[in-house]
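In what follows, every chain begins at residue 1, and chains take the letters A, B, ... in the order their sequences are listed.
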Protein chains: 2
Amino acid sequence: MTSTSRKTEDPATAPSIAGARPTRQRRAVASALQSFDDFRSAQDIHDLLRRSGENVGLSTVYRTLQALADNGDVDMLRTEEGEAIYRRCSTSHHHHLVCRACGRTVEVEGPAVEKWSDSVAAQHGFTDVSHTLEIFGTCPTCA
Amino acid sequence: MTSTSRKTEDPATAPSIAGARPTRQRRAVASALQSFDDFRSAQDIHDLLRRSGENVGLSTVYRTLQALADNGDVDMLRTEEGEAIYRRCSTSHHHHLVCRACGRTVEVEGPAVEKWSDSVAAQHGFTDVSHTLEIFGTCPTCA
DNA sequence: TTCTTCATGAGAATCATTCTCAATGCGATT
DNA sequence: AATCGCATTGAGAATGATTCTCATGAAGAA
Ligand SMILES: [Zn+2]
Ligand SMILES: [Zn+2]
Ligand SMILES: [Zn+2]
Ligand SMILES: [Zn+2]
């Protein structure tokens with residue numbers, strides 16, 4: 001390899017925001033996201049960082065999380081109460097099976113659902129279609 | 001008909017809250033819900049009532065809407081921003097196809113989706129399963 | 001009507017999220 | 001290294017939806 005600078009994309013590691021500076025704060029948030037498997041709120045993640053010694057402003061946590069979500073690098077959904085919660089995720093389109101008790105989350109795919117959704121929308125003449133779908137239940141451990 | 005008092009359930013009209021007093025305010029909210037076809041926020045509905053002459057406190061609008069939603073008499077979902085919005089709906093389980101531009105909403109059913117959801121959850125050992133599913137798009141009129 | 005209980009609403013309180021904007025950090029360029 | 005230009009940060013104020021408080025009013029039973 002020559003001395004030419006390259007984008008060094010870590011294969012399976014924390015995501016970075018396209019066209020943004022990889023600051024200490026953004027790295028810290030991205031890293032924190034790797035440390036849990038359930039959905040957490042911006043404030044939860046802020047606390048997590050605080051406790052782990054990383055000092056990141058709450059505003060920055062909000063901003064970073066939103067940027068990552070817009071970028072498709074984390075999944076964001078809303079609690080019953082309307083609070084935004086985040087979780088790292090695979091990049092392909094998928095949905096979630098979430099435990100109501102402990103928050104444990106499984107990513108699931110359903111090609112049939114995708115097709116159904118598009119077809120139903122088409123039947124009614126809707127275009128530019130998207131959808132949201134989450135499944136909630138009690139996981140084996142919590143049952 | 002005798003003079004015996006009965007529960008007069010209007011067949012296809014505004015819903016009432018089970019075990020609650022049918023007050024002027026609750027009737028007004030239930031009635032307002034009959035006057036639109038898209039999803040509206042509590043505050044929108046409060047304004048609607050205000051403008052139509054009915055004077056109902058904002059707290060009461062919130063309380064009534066939540067009670068109706070808990071009762072399954074109206075559907076509640078959340079905007080991208082997390083705001084709760086409400087709409088009268090049929091009593092059977094269904095989902096929504098919503099126009100992003102004008103809010104026009106179509107109720108849709110998908111037995112296959114219901115089965116898929118339950119089966120996926122079961123495969124992962126989840127019990128007591130429920131789900132949320134909404135489809136968004138641009139309606140023919142807005143296209 | 002009288003009593004008991006539930007419902008109402010004006011305004012304060014909550015609480016997540018956004019905004020403000022001066023201070024700072026990053027990267028590129030001399 | 002010194003410097004300029006601009007993105008980023010964060011403390012605290014502001015916002016805005018929703019909830020709470022609690023004194024007052026209405027509904028229903030007897
Ligand atoms: Zn669980
Ligand atoms: Zn999907
Ligand atoms: Zn439309
Ligand atoms: Zn369903």
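- Note: CD (Glu80(B)) to P (dA16(C)) measures 20 Å, nearest angstrom.
- The distance between atom CG of Leu65(A) and atom P of dG10(D), rounded to the nearest whole Å, is 14 Å.
- Taking atom CZ of Arg50(A) as the reference point, atom C1' of dG10(D) lies 10 Å away to the nearest angstrom.
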Exercise for review: Give the B/S/- string for nucleotides 12-26 of chain D, one per nucleotide from 5' to 3', where a protein heavy atom under 4.0 Å of the base yields B, of only the sugar-phosphate yields S, and otherwise -.
Suggested key: B----SBBB-----B
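- OP1 or OP2 of dG9(C) sits under 4.0 Å from a side-chain N or O of Gln25(B).
- Between Phe126(A) and Cys139(B), the shortest heavy-atom contact is CZ-CB, 3.5 Å.
- Under the side chain to side chain donor-acceptor pair (under 3.5 Å) criterion, Asp75(A) pairs with His94(A), His96(A), not counting sequence neighbours.
- At whole-Å resolution of the value, CZ in Arg27(A) and P in dC26(C) are 8 Å apart.
- Between the side chain of Thr91(A) and the backbone N or O of Cys89(A) there is no donor-acceptor pair closer than 3.5 Å.
- Asp44(A) comes within 4.0 angstrom of no nucleic acid atom, judged by non-hydrogen atoms across all strands.
- Where Ala20(B) and Arg24(A) each meet DNA chain C at their nearest nucleotide, the meeting point lying more 5' is that of Ala20(B).
- One interatomic measurement links the two molecules: CZ of Arg26(A) to C1' of dT9(D), which rounds to 9 Å at whole-angstrom precision.
- With Ser92(B) contributing its side chain and Ser90(B) its backbone, the two residues share no donor-acceptor pair below 3.5 Å.
- Rounded to a whole Å, the CD atom of Glu81(B) is 12 Å from the C1' atom of dT17(C).
- Note on the helix from dT1(C)-dA30(D) to dT30(C)-dA1(D): terminal axis deviation equals 30°, with five pairs used at each end and the result rounded to 10°.
- Sequence neighbours left out, the pairs with a member in residues 46-58 of chain A that pass side-chain hydrogen bond (donor to acceptor under 3.5 Å, both in side chains) are Arg24(A)-Glu54(A).
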What pairs of donor and acceptor atoms, side-chain ones from residues 79-86 of chain B against any protein atom, are under 3.5 angstrom apart with sequence neighbours left out?
residue	atom	partner	partner atom	Å
Thr79(B)	OG1	Glu81(B)	N	3.2
Thr79(B)	OG1	Glu81(B)	OE1	3.4
Thr79(B)	OG1	Gly82(B)	N	3.3
Thr79(B)	OG1	Glu83(B)	N	3.1

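- At distances below 3.5 Å, not a single donor-acceptor pair connects side-chain atoms of Arg63(A) with backbone N or O atoms of Leu58(A).
- Sorted by first and then second residue, the salt bridge (Lys or Arg N to Asp or Glu O under 4.0 Å) pairs with a member in residues 103-123 of chain B read Arg87(B)-Glu107(B); sequence neighbours excluded.
- When atom types are taken as modelled, the side chain of Ser35(B) and the backbone of Ala32(B) share a donor-acceptor pair closer than 3.5 angstrom.
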